[in-house]
Amino acid sequence: MNDVADWWSTAIIDMEPGRIALRGEPVETLIGTVGFAEMIWLMVRGDRPSLAQAKLLEAALVAAVDHGPQAPSIATARMAVTCGAGLNGAMASAINMLDDVHGGAGEQAVVLYQHALALMDEGATEEDAAKAVIGWWQAEHGRFVPGFGHRFHKPVDPRAPRLLALVDEAAGAGTVTGRFASLGRQIERELAAAKGKPVPMNIDGATAVIYAELGFAPPLARGLFCLSRSVGILAHAWEQMQQGGRNKGPTPPHYRWTYTGSKADPA
């Protein structure tokens with residue numbers, strides 16, 4: 001370290017009194033000229049997306065903003081508010097729940113797709129690659145394949161077909177290759193054949209297609225999901241503030257839980 005300033009080194013922001021540059025671009029030239037999705041891309045990746053790339057990224061971000069107060073992260077935000085937390089505390093509590101089980105499937109699906117594509121680059125057919133990654137994932141992680149099937153939306157998650165249609169449009173225009181969309185559909189077919197009934201792609205699988213098509217690394221798929229879902233978290237936390245209420249738990253007070261421990265001896 002040659003200078004104390006090297007303690008934190010960054011290529012993201014340069015700043016001095018009266019001047020702010022983000023990725024080398026003066027902030028005043030960005031304000032009012034780029035959209036939020038473009039800004040996310042610029043900050044995270046260091047370059048500007050095309051308008052078509054930004055539009056596809058924005059579609060994925062919009063699609064995942066909310067999934068109702070039964071979603072653990074949203075419920076947590078609302079409960080935090082009733083316990084006296086402010087918006088920042090409610091949002092932080094909720095976002096911290098977006099991990100492997102709730103919120104991590106998009107990242108996992110990108111890993112799945114990239115593994116399948118690597119097999120194809122080594123000579124496997126799309127069908128064989130899809131079968132191989134399903135077997136690999138289930139052997140390593142269990143029967144649930146990330147990005148496919150939905151416990152609530154049956155038969156189809158309404159968000160996925162729309163996102164895939166937008167990917168098809170982008171592929172037709174040369175914005176993306178469409179290879180990940182094709183792989184996702186092949187995995188969907190293989191899962192259906194193995195189970196004997198449809199196992200359609202869900203929101204995580206469809207947004208993962210977009211993030212993979214746009215070249216985002218798997219961990220960024222989770223980060224982008226956190227950005228997207230934070231909008232719904234903020235909306236629900238604010239709504240709960242307006243509604244009021246104190247110390248609300250996951251179920252109304254008159255509901256009881258199922259006790260499975262030993263019974264106390266009667267007095």
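By convention here, the first residue in the shown sequence is residue 1. As a basis for the values below, the full set of heavy atoms in this structure was taken, side chains included, without hydrogen atoms, waters or symmetry mates.
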Rounded at 0.5 Å granularity, tell me how far [atom1] in [X] sits from [atom2] in [Y].
X: Gln186; Y: Thr125; atom1: CD; atom2: OG1; result: 8.0 Å
X: Leu112; Y: Ile187; atom1: CG; atom2: CD1; result: 4.5 Å
X: Leu220; Y: Glu107; atom1: CG; atom2: CD; result: 9.0 Å
X: Phe148; Y: Ile134; atom1: CZ; atom2: CD1; result: 7.5 Å
X: Asp66; Y: Ser230; atom1: CG; atom2: OG; result: 11.0 Å
X: His115; Y: Leu183; atom1: NE2; atom2: CG; result: 11.5 Å

So, for [X] and [Y], which heavy atoms are closest and what is the spacing to 0.1 Å?
X: Ala64; Y: Ile203; result: CB-CG1, 4.3 Å
X: Pro198; Y: Ala192; result: CA-CB, 4.0 Å
X: Gly147; Y: Ala109; result: CA-CB, 4.5 Å
X: Glu188; Y: Pro200; result: OE2-CA, 3.2 Å
X: Leu163; Y: Ala63; result: CD1-CB, 3.8 Å
X: Ile233; Y: Ala90; result: CG2-O, 4.4 Å

Joint cluster assignment, [X] & [Y], ILVMFWY side-chain distance < 4.5 Å:
X: Met120; Y: Val111; answer: yes
X: Met97; Y: Val81; answer: no
X: Trp41; Y: Val167; answer: yes
X: Met43; Y: Met15; answer: yes
X: Met79; Y: Leu234; answer: no

Can you tell if the side chain of [X] reaches within under 4.5 Å of the side chain of [Y], non-hydrogen atoms only?
X: Val34; Y: Leu42; result: no
X: Leu61; Y: Phe36; result: no
X: Leu98; Y: Arg222; result: no
X: Val231; Y: Val62; result: no
X: Gln108; Y: Asp100; result: yes
X: Asp157; Y: His67; result: no
X: Thr177; Y: Glu213; result: yes
X: Leu57; Y: Pro49; result: no

Residue pair Arg23, Asp47: steps toward the salt bridge (charged side-chain N to carboxylate O under 4.0 Å, His left out) verdict: CA-CA 8 Å; Arg23 294 291 190 181; Asp47 62 351; over 6 Å; no
Judged by atom type as modelled, is there a donor-acceptor pair below 3.5 Å linking the side chain of [X] to the main-chain atoms of [Y]?
X: Ser182; Y: Gly178; answer: no
X: Asp14; Y: Ala21; answer: no
X: Ser73; Y: Ala94; answer: no
X: Gln138; Y: Arg143; answer: yes
X: Glu38; Y: Ala54; answer: no
X: Ser93; Y: Ala80; answer: no

Mutual orientation of the aromatic rings belonging to Tyr113 and Phe180 [parallel < 30°, tilted 30-60°, perpendicular > 60°]: tilted
Stepwise side-chain contact (heavy atoms from CB on, under 4.5 Å) test for Leu22 and Met39: CA-CA 10 Å; Leu22 299 170; Met39 197 64 194; 3.3 Å; yes
Candidate pair Glu239 and Arg78, rule salt bridge (charged side-chain N to carboxylate O under 4.0 Å, His left out), full reasoning: CA-CA 8 Å; Glu239 181 181 65; Arg78 299 190 75 122; 2.7 Å; yes
With Arg229, the side chain to side chain contact (heavy atoms under 4.5 Å, CB included) member among Val65, Leu224, Ile95, Ile74: Ile74
So with a 6.0 Å cut-off around [atom1] of [X], is the heavy-atom count from everything else above 12?
X: Leu51; atom1: CG; answer: no
X: Lys154; atom1: NZ; answer: yes
X: Trp238; atom1: CH2; answer: no

From CA spacing to verdict: side-chain contact (heavy atoms from CB on, under 4.5 Å), Arg179, Asp121: CA-CA 11 Å; Arg179 295 184 75 189; Asp121 289 341; 3.2 Å; yes
side-chain contact (heavy atoms from CB on, under 4.5 Å) assessment of Val209 paired with Met201: CA-CA 10 Å; Val209 164; Met201 191 182 299; 4.2 Å; yes
